[in-house]
Amino acid sequence: MTDIKSMTVSQLQDLMVHLGDKPFRAKQIYGWMHGKLAASYDEMTNLPKSLREKLKEEYPLTVLEPVDVQVSRHDGTRKYLFRLYDGNVIESVLMKYRHGNSVCISSQVGCRMGCRFCASTIGGLTRNLLPSEMLDQIYRIQTLTGERVSNVVVMGTGEPLDNYDNLLRFIEILTSEEGLNISQRNLTVSTCGLVPMIERLAEEKLQITLALSLHAPNDKKRQELMPIARKYSMEEVLNACREYFQKTGRRITFEYSLVRGVNDFPEDAKELAGRIKDMNCHVNLIPVNPIKERDYRQATHQAVENFKIKLEKCGINVTIRREMGSDIDGACGQLRKRFIDKRESIKTDRK
Ligand code: SAH
């Protein structure tokens with residue numbers, strides 16, 4: 001099946017020719033899908049009825065169906081669970097900041113990277129998301145809330161660089177003038193560190209922010225938390241980040257989830273600083289969000305503060321990520337996992 005909502009304008013032009021219609025219709029359809037966020041062909045009132053009918057039959061529009069939403073009483077963070085056309089479910093989060101609304105989207109159904117503290121990877125990878133499915137998480141949230149989304153972070157379930165081509169198409173459409181026209185600088189892509197893909201991304205010369213999930217000061221500790229660290233050494237990952245900065249001029253964000261008694265020691269901060277102090281970077285400290293499947297505990301408030309101070313003394317820029325929506329299945333993949341577990345248990349009950 002052709003996914004019309006993942007097509008570029010020029011692909012849509014070819015499609016119009018193929019359907020025996022006028023190429024200028026391509027821009028109209030594109031504008032309806034990506035600018036006006038139409039959820040059906042019926043809304044596309046300036047298209048001839050016959051064309052709408054043909055498209056409806058042969059090129060169904062991707063529209064995600066909200067099945068659950070949780071709203072944080074603390075800060076208004078909203079966590080959405082969406083159903084895809086094939087019954088799979090994914091999570092997306094809307095966070096409200098003073099500078100605007102930010103949406104965190106998923107890039108895959110599940111994940112195969114296996115990071116030890118992450119709930120999204122427990123069931124493995126089911127499939128990649130299509131560009132249209134990444135886009136529609138933002139489109140539906142903007143439509144449901146009636147509020148403009150100004151920032152997008154690809155930090156939900158999945159490894160975006162493991163779904164590279166679809167990610168790039170997603171970026172192209174999201175940042176296009178006829179689409180939501182979100183600036184590349186307002187888009188962050190987070191990766192666990194797939195070195196060849198970071199190198200490839202650097203070549204694209206985009207102005208997006210790359211966030212690198214580091215979580216450790218050395219290979220030994222990183223390997224305990226992240227299986228991918230057995231494939232690429234920390235030095236290789238850091239070199240790929242240096243290259244990304246050289247080619248794009250964009251400062252790297254390192255994400256560091258602090259796990260009590262694992263990677264939150266002052267020596268860890270010192271070692272980390274030594275390895276990245278030559279880089280144009282910024283460290284985002286995140287007290288790990290404990291998940292019930294693992295016994296990792298959150299670093300204490302004091303340990304997080306000390307870690308920050310230690311890094312700052314070494315001249316590193318540091319922020320502590322504000323915990324958003326901590327009352328609503330905060331950690332990545334928890335809402336989805338709970339939904340699936342519940343669905344499975346209902347199925348078992350019926351047997
Ligand atoms: N696969 C990508 C993007 C998705 S995960 C990546 O690894 O970067 C987004 C971020 O959340 C990553 O830094 C990830 O390591 C972190 N993360 C996942 N589960 C977490 C948890 N339970 N507590 C804190 N951070 C977590």
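Ligands are counted one by one from 1 in listed order, and the atoms in each one are counted from 1 as well. Note that these values count all heavy atoms, side chains included, but never hydrogens, waters or copies made by symmetry.
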Ligand 1-proximal atoms of Cys192, by part, heavy-atom distance under 4.0 Å: both
Structural part of Leu212 in contact with ligand 1, heavy atom criterion under 4.0 angstrom: neither
Per-atom contacts, ligand 1 versus Asn289 - under 4.0 Å to a heavy atom: 21 (C), 22 (N), 23 (N), 24 (C)
Side chain Glu204, main chain Leu201, donor-acceptor under 3.5 Å: no
Atom of Val89, atom of Arg336 and distance for their closest heavy-atom approach: O-NE, 2.9 Å
Closest candidate by heavy atom, reference atom 19 (N) of ligand 1, pool Cys111, Cys118, Ser213: Cys118
Aromatic contact, His215 with Phe254 (centres under 6.0 Å): no
Within-shell test, Gly156 vs ligand 1, heavy atom, strictly < 4.0 Å: yes
Within-shell test, Met226 vs ligand 1, heavy atom, strictly < 4.0 Å: no
Ring centroid separation Tyr256 to Phe307 under 6.0 Å: yes
Sub-4.0 Å heavy-atom contact, Gly158 with ligand 1: yes
Salt bridge (charged side-chain N to carboxylate O under 4.0 Å, His left out): pairs with one or both residues in residues 253-264, sequence neighbours excluded: Glu255-Arg321
Sidechain N-carboxylate O distance under 4.0 Å for Arg127, Asp86: yes
Contact check: Phe117 vs ligand 1, nitrogen or oxygen atoms, below 3.5 angstrom: yes
Backbone of Cys192 reached by a side-chain donor or acceptor of Glu159 within 3.5 Å: yes
Proximity to ligand 1 by part of Met113, non-hydrogen separation under 4.0 Å: neither
For ligand 1, the portion of Glu255 having any non-hydrogen atom under 4.0 Å away: side chain
Side-chain ion pair, Glu91 and Lys79, N-O less than 4.0 Å: yes
Element-labelled atoms of ligand 1 that are located less than 4.0 Å from some non-hydrogen atom of His215: 13 (O), 14 (C), 15 (O)
